[in-house]
Amino acid sequence: MGRNGGRFAAIVSGGGHPVLTSVFEHEPFEPDLGSLFGFGLDRRLDGVAVIIAETSG
């Protein structure tokens, strides 16, 4: 496991994310948490931009 492997293992071993666990239990996965964070942040900011556009009419 790479640099973030221990953190990823802790996330999936806690049992709180069964779908995520099932997706990666059969194949090796090297998570890049920086990229995953950036992807999620981009989606969240897109949603905020829509709300701002709707309310600033």
Side-chain angles (χ1 to χ4, degrees):
M1 268 193 197
R3 191 177 107 208
N4 295 311
R7 286 189 270 175
F8 183 73
I11 290 168
V12 297
S13 69
H17 306 282
V19 173
L20 180 65
T21 302
S22 69
V23 168
F24 298 114
E25 70 185 349
H26 300 291
E27 295 182 30
F29 177 67
E30 180 58 37
D32 177 3
L33 296 182
S35 293
L36 293 173
F37 176 79
F39 178 82
L41 180 61
D42 287 345
R43 299 311 158 293
R44 184 165 300 254
L45 292 175
D46 288 346
V48 170
V50 169
I51 292 170
I52 290 171
E54 289 175 351
T55 59
S56 64

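By convention here, the first residue in the shown sequence is residue 1.
Counting non-hydrogen atoms of other residues, nucleotides and ligands closer than 6.0 Å to CZ of Arg44 gives a total of 12 or fewer.
The minimum heavy-atom distance linking Val19 with Ser22 is given by the pair O-OG, 2.8 Å.
Distance check: Leu41 CG to Leu36 CG gives 12.5 Å after rounding to the nearest 0.5 Å.
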